[in-house]
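Structure, as structure tokens:
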2 protein chains.
Amino acid sequence: MEVLRGELREHELPFTHQREAIARVLFETNQHLSADEVETELLDRDHQIGKATVYRTLALLVELGLATEHDFDEGFRRYQMTVGAAQYDHLICTVCGDVTQFREEALESVLESIVRSAGFEPITRQIKIFGTCRDCT
Amino acid sequence: MEVLRGELREHELPFTHQREAIARVLFETNQHLSADEVETELLDRDHQIGKATVYRTLALLVELGLATEHDFDEGFRRYQMTVGAAQYDHLICTVCGDVTQFREEALESVLESIVRSAGFEPITRQIKIFGTCRDCT
DNA sequence: CTGCCTGCAAATGCTTTGCATCTCG
DNA sequence: CGAGATGCAAAGCATTTGCAGGCAG
């Protein structure tokens, strides 16, 4: 939570109850949550926060680099607290919907050289492999 | 075009004017087109086809494996004719919006081993690197 | 003929926005 | 106090769907 407070101060933005509550939800679950799921979780915790604020805050967290946005082709987006500077890639099972994160150094270096030789300055990336997971084969 | 006709016959689906026209647009541009752009291009060619049909046909082409769906975070999707069995990955410039395709064998093999060790059966994948291209740096 | 397709318009569902009001600092 | 945040409801948009009429095979 201190991270958020600091980041907000740095940008001269107010640290509000709503922002704290939303960030807390994301911090604590360490899951990919949709705006809807965040709202539901907030209600469970007796925080009644407007959906517009949820959306605005999630966008803010992404901008501050504290959260990452994901799109698993479900028709809506998911958000997850950024874990350090680590980039996670995903295996998405189209049968059961399960999402597995992974991080592979060999992949990092291959990508690095691709990007470098294209003279491209990377900011974010998304690697999603859709298919059937071990359990659904 | 014969590919489409054959694929449709195989699935016992009718080969209609609309399907032909839409597939032709995709075949001939070899670009990533949105449903809107397909519709516009159809009008330029004096084909007046309902947007619903455009969407339905694009989805069908994807299902038949003749087209690929892309999402470059623009708020809508793009489609491109599938070029052989090749998988293309993308560098997306967030400044000028330019999309560069690439294909790198080293990447293929790294991904292959990741997938294999997870016991995952891949169907499609999306690799998108967002950042600033050489010209916009 | 018969089933699948097409068009149109209406409906969906996620996300964004306008605006009056309230809060943080 | 004043800038920015919040809530609500309405608006936006890409995409989907229902249904009456058409076309391919």
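Numbered from 1 within each chain, the chains take letters A, B, ... in sequence-line order. FYI, side chains are in, hydrogens and waters are out, and symmetry mates aren't considered; it's all heavy atoms of this structure.
Rounded to an integer number of Å, the gap from CD of B:E69 to P of D:dA14 is 15 Å. Rounded to an integer number of Å, the gap from B:I22 CD1 to C:dT6 C1' is 10 Å. B:R5 places its CZ atom 12 Å from the P atom of D:dA24, with the value rounded to the nearest Å. What separates CG of B:L58 from P of D:dT15 is a distance of 9 Å, to the nearest Å. Atoms CG (B:L13) and P (D:dC23) sit 19 Å apart, rounded to a whole Å. Atom CZ in A:R19 sits about 4 Å away from atom P in D:dA5, given to the nearest Å. Whole-Å rounding puts the A:L61 CG to D:dA5 C1' distance at 14 Å. For the pair B:E20 CD and C:dT6 P, the interatomic distance rounds to 12 Å; values are reported in whole Å.
The nearest heavy atom of DNA chain D to B:F15 and to B:S34 marks one nucleotide each, and the one closer to the 5' end goes with B:S34. Summary of the strand contacts: B:Y79 and A:K51 both lie near DNA chain D, and taking for each the nucleotide with the nearest heavy atom, the more 5' one is attributed to A:K51.
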query: Please walk me through it: do A:E108 and A:R103 pass salt bridge (charged side-chain N to carboxylate O under 4.0 Å, His left out)?
result: CA-CA 8 Å; A:E108 305 298 323; A:R103 176 174 171 78; 3.3 Å; yes
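Side-chain atoms of A:F76 lie closest to C:dC14 of the nucleotides D:dT15, D:dG25, C:dC14. When distances run from any side-chain atom of B:A52 to the nucleotides D:dT17, D:dT16, C:dC5, the shortest one goes to D:dT17.
When the side-chain nitrogen and oxygen atoms of B:Q18 are compared with OP1 and OP2 of D:dG22, none of them lie within a distance under 4.0 Å. Contact annotation: A:R56 does not reach the phosphate of D:dT6 (side-chain N/O to OP1 or OP2, under 4.0 Å). In this model, the phosphate group of D:dT16 is not approached by any side-chain N or O of B:Y55 to a distance below 4.0 Å at OP1 or OP2. Phosphate proximity of D:dG7 to A:T53: present, with a side-chain N or O under 4.0 Å from OP1 or OP2. Contact annotation: A:H17 reaches the phosphate of C:dC24 (side-chain N/O to OP1 or OP2, under 4.0 Å). Distances shorter than 4.0 Å separate some side-chain N or O of B:T16 from OP1 or OP2 on C:dT6.
Put simply, the side chain of B:R45 reaches to within 4.5 Å of the side chain of B:E28, judged on heavy atoms.
No option in A:R125, A:K128, A:Q101 other than A:R125 meets the side-chain hydrogen bond (donor to acceptor under 3.5 Å, both in side chains) test with A:D89. The one candidate from B:T53, B:I49, B:L13, B:L61 that meets the side-chain contact (heavy atoms from CB on, under 4.5 Å) condition with B:R19 is B:L13.
Taken from NE2 in B:H32 to OH in B:Y79, the straight-line distance is 13.0 Å, to the nearest 0.5 Å.
At a threshold of 4.0 angstrom between heavy atoms, the contacts of A:E74 with the nucleic acid are absent.
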